[in-house]
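Taking it in order: structure first as C-alpha cells, then the write-up.
Proteins get letters first, then strands, A, B, ... in listed order; numbering begins at 1 in each.
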Number of protein chains: 2
Amino acid sequence: MAERSSPDYRHQLTLRDVSEASGVSEMTVSRVLRNRGEVSEKTREKVMNAARQLGYVPNKIAGALASNRVNLVGVIIPSLSNMVFPEVMMGISKVLDATPLQPVVGVTDYLPEKEETVIFEMLSWRPSGLIVAGLEHTDAARRMMENSGVPIVEIMDVDGNAIDAAVGISHVRAGRETATEILKRGYRKIGFLGTKMPLDHRARKRFEGFEAVLKENGLTLAAEEYYSGGSALGKGREMTANILKAHPDLDFLYYSNDMIGAGGLLYCLEAGMDVPGKIGLAGFNGVDLIDGLPRRLATMDSCRVEIGKAAAEIIAAEAEARGTSPHAKRTEISPIFATGDTLRDA
Amino acid sequence: MAERSSPDYRHQLTLRDVSEASGVSEMTVSRVLRNRGEVSEKTREKVMNAARQLGYVPNKIAGALASNRVNLVGVIIPSLSNMVFPEVMMGISKVLDATPLQPVVGVTDYLPEKEETVIFEMLSWRPSGLIVAGLEHTDAARRMMENSGVPIVEIMDVDGNAIDAAVGISHVRAGRETATEILKRGYRKIGFLGTKMPLDHRARKRFEGFEAVLKENGLTLAAEEYYSGGSALGKGREMTANILKAHPDLDFLYYSNDMIGAGGLLYCLEAGMDVPGKIGLAGFNGVDLIDGLPRRLATMDSCRVEIGKAAAEIIAAEAEARGTSPHAKRTEISPIFATGDTLRDA
DNA sequence: ATGAAAGCGCTAACAG
DNA sequence: CTGTTAGCGCTTTCAT
C-alpha cells in the first residue's frame with residue numbers, strides 16, 4: 001500500500017476545507033470559486049465568506065490537470081539585455097492582461113541548444129500557447145513544437161517558414177529599404193557597424209538585404225566593424241572612432257542597432273563632424289532613446305510592442321476558441337523608415 | 001458515472017505509451033525519465049529510445065501534483081519599461097539557469113491592487129518561491145504571502161519590514177549619501193527632477209533621505225520638477241530646460257534616475273554650460289548607458305543584477321533544502337557612489 | 001441548484 | 001533493480 005506522507009509542517013488548504021467550513025459540497029464550492037454554473041446567491045456568499053476567512057488559495061496545478069487547461073503562455077526570447085525583448089514582453093503583457101493568461105519567460109542567450117531545452121521545459125507545462133522569437137530552431141525543437149498541439153507563434157521575423165503562425169517584420173526588406181534610402185541621398189562610401197553574433201539571424205538578414213541593394217547598384221561595403229559585449233553606447237562611440245580612423249573617407253555609417261548608432265552620433269557631433277552633410281548615420285529598432293539625442297538618428301522601427309501584441313492576440317483567440325477557428329498564419333508588419341536628422345535630403 | 005471525453009483531435013502522449021512501447025512498467029519509465037533511483041543500463045536505453053521515438057514530452061502538471069514540487073519561481077515587478085527590472089531578471093535567470101527552476105514574470109504597473117491579483121495568481125501555482133519587488137503591499141497580499149508556505153524574497157529595498165527575506169539597497173541611505181556628496185562639493189542651490197509616481201516607494205525614500213540631509217544642513221530644495229510618460233531621455237532634456245528657465249541660479253540638479261539625468265546632461269552640454277563647474281548633476285541607478293555619454297554622470301548603482309542573483313540564490317537554496325535550513329533574512333547590498341565627471345572636486 | 005463518483009497523468013511508498 | 005498500489009486536489013459528467 002502507498003500512503004502519502006502529507007508534510008505536517010504545512011497543511012495546504014483545499015477545497016475540502018472550504019467545503020467543510022461552509023457546509024457546501026466541494027463541487028459547489030468549486031463552482032462558486034470559478035464563477036461557473038448556476039449557484040444560489042445564498043450559497044455563493046456562504047462559500048465566499050468561508051474561503052476568504054480561511055485564506056484559501058486554489059491549487060491551479062490540480063485544476064489544470066483535471067481540466068486540461070493551463071493558462072500559461074510560454075515566451076521564448078534570446079536575451080533580456082537590450083530593451084528589445086522587454087518591449088516585446090510589454091506588448092504581450094498588455095494583451096494577456098485582459099485574459100486569464102499569464103506569460104512565462106524563457107531566455108536562450110541566442111544558443112540553439114538552450115532554446116531546445118527551454119522549449120521542451122515549456123511544452124511540458126502544456127501551455128495555452130508558445131511565442132518564440134525567430135524562425136530558426138534545431139530540428140528537434142521544431143518537431144517538438146509541431147507535435148505539441150499547442151499554438152506556436154514565431155515572432156520578430158517573417159523571412160522563412162513558420163511552424164504555425166509568424167508575426168514580425170521582414171528584416172531582409174528592412175535592410176534593403178535602408179540601403180535604398182541611403183543611396184537615394186547620394187551616400188556612396190558606406191561602412192557597417194554591428195554585433196559579432198553569427199546566431200542573430202535577424203541582424204544577419206538585415207545585413208544581407210542591405211548588401212544586396214549595394215551590389216545591385218554596383219557598390220560594396222567600404223568598411224565593417226564588429227563588437228561584442230559592453231555598453232552599447234560606449235561601444236558605438238569606440239567603433240565609430242576606429243572605423244573612421246581606418247577609413248576617413250567614409251560618408252555613411254549603418255549601425256545594426258540604435259544604441260551603437262547613438263554612441264556613434266554622439267562621437268561624430270563631439271568631433272565636430274558635419275552630420276548629415278559630410279557623413280550620414282542610420283540605425284535600427286526605433287528605440288525611444290533617439291528622441292532625446294541632440295539629433296534624431298535615422299532608423300527603422302522594429303515594431304516590438306506591436307509584434308508582442310499581435311502574437312498574444314493570436315494565442316488569446318486560440319485559447320478562447322480552443323482550436324475551433326483558424327488563426328492568421330503570417331502577419332507581416334511593415335516598419336516605416338524614419339529619416340530623423342542624420343540623413344541629408346534626397 | 002463520470003467518463004472523460006479525451007479530446008479526440010489530440011491524443012496526449014503519456015507515460016503509459018512509453019511504457020507500452022518499451023515493455024517497461026510506467027514506474028520504471030518515470031524513474032528513467034527523471035534520472036531517479038537505480039535502473040539498469042539496458043532498461044534505461046530501452047526507455048530512452050522509446051521516449052525519443054515517440055517524441056514524448058512529460059506532463060509537468062501531473063508530475064507537480066503528484067510530487068508536490070513545482071519548479072517555478074514567481075517574479076513580481078512593477079514594470080518592464082525601464083531596463084531596471086529586466087536587469088533584475090537577468091540576475092535571476094543567471095542563477096536559476098543552474099537549477100531546475102524557471103522564472104515566471106508578473107507585472108504590476110505600480111498598482112497595489114494589481115499586485116495583489118498577480119500574487120494570488122502566482123501562489124495558486126504553488127511555486128518554489130516568490131520574488132517580489134518592494135516591501136509595500138496590500139494587507140491581503142501580505143497575508144497571502146505569509147500564509148503561503150512559499151519562500152518569499154522582497155527585493156530592491158531594505159527600508160521596512162520584510163515578510164520573510166529582503167535583498168536590496170537602502171534607498172533612504174542612497175538619497176542621504178548622494179546629498180552628502182553634493183554638499184561636500186559646495187553645491188547649495190539644488191533642484192530635484194523626478195517622476196510623478198506616488199507609488200514608487202523607492203524613489204520616494206531616496207527623495208526623503210536626500211531632503212533630510214539638506215534639512216540637517218539648514219537647506220531646502222530650491223526647485224522641483226516632475227514628469228510622467230514619454231522618452232526619459234527627451235523628458236530629462238525638457239525638464240532641465242524648464243527648471244533652469246524658472247530658476248537660473250540653480251547650481252545642482254539631482255535626477256531620480258540616470259535616463260532623465262542623461263537627457264539633462266546632454267541639454268546642459270549643448271547649452272554650453274560649465275558642467276561641473278557652474279552646475280553639477282547626479283542621477284541614480286548606474287545604468288550602462290552613462291558610460292557612453294560625453295561625460296559620465298555621477299550616480300549610485302542600484303545593483304540590480306546582484307540583487308536578482310542574491311534573491312534567486314535564496315530561493316534556489318530553499319528549494320534544495322525544502323525548508324530544512326534557514327536562509328538570510330536581510331541582505332543589504334551597499335551601492336557605491338560614482339563621482340563620474342559631473343561633480344566638481346570636494 | 002446541488003451533489004456523487006470517477007479520474008486527469010504522474011510519483012511516493014512499499015513490496016518484491 | 002522493478003513493479004504494484006493509492007492517491008495529489010481538482011473538475012467533468014451524470015444524477016438528482
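Distance B/R126 CZ to D/dG9 C1': 9 Å, rounded to the nearest Å. Per the geometry, CG belonging to B/N35 stands 12 Å off P belonging to C/dT11, to the nearest Å. Taking atom CG of A/N68 as the reference point, atom P of C/dG9 lies 7 Å away to the nearest angstrom. Atom CG in A/L15 sits roughly 13 Å away from atom C1' in D/dC8 (whole-Å rounding). If you measure from atom CH2 of A/W125 to atom P of C/dC10, you get 13 Å, rounded to the nearest angstrom. The distance from atom CD of B/E26 to atom P of D/dC1 is 22 Å, rounded to the nearest whole Å. At whole-Å resolution of the value, CZ in A/R34 and C1' in C/dT2 are 14 Å apart. Taking atom CZ of B/R16 as the reference point, atom P of D/dG3 lies 14 Å away to the nearest angstrom.
Here the nucleotide nearest the side chain of A/N59, chosen from C/dG3, D/dT11, D/dC10, is D/dC10. Set against D/dG9, C/dT11, C/dG3, the side chain of A/A66 has D/dG9 as its closest nucleotide. Side-chain proximity of B/V39 to the nucleotides C/dA5, D/dT2, C/dT11 is greatest for D/dT2. Ranking D/dC8, D/dT11, D/dT2 by closeness to the B/L65 side chain, first place goes to D/dC8. Minimum atom distance to the side chain of A/M27 is reached by D/dT13, of the listed C/dT2, D/dT13, C/dT11. When the nucleotides D/dT2, C/dA13, D/dG9 are ranked by their closest atom to the side chain of B/S40, D/dT2 comes out on top.
Nearest-nucleotide assignment on DNA chain D puts the 5′-proximal partner with B/E38, out of B/E38 and A/V57. Both B/R31 and B/P58 lie near DNA chain C, and the one whose nearest nucleotide falls closer to the 5' end is B/P58.
Not counting sequence neighbours, the partners of B/R143 by the side-chain contact (heavy atoms from CB on, under 4.5 Å) test are B/D139, B/A140, B/E146, B/N147.
The shortest distance between side-chain heavy atoms of B/K60 and A/E121 falls below 4.5 Å. Residues A/D164 and A/K329 form a side-chain contact, since some pair of their non-hydrogen atoms from C-beta on lies under 4.5 Å apart.
For the OP1/OP2 pair of D/dC10 and a distance below 4.0 Å, the side-chain nitrogens and oxygens of A/S30 include no atom meeting the criterion.
B/N82 places a side-chain N or O within donor-acceptor distance of the main-chain N or O of B/V84, the cut-off being under 3.5 Å. For B/S93 (side chain) and B/M90 (main-chain N/O), no donor-acceptor pair under 3.5 Å exists by modelled atom type.
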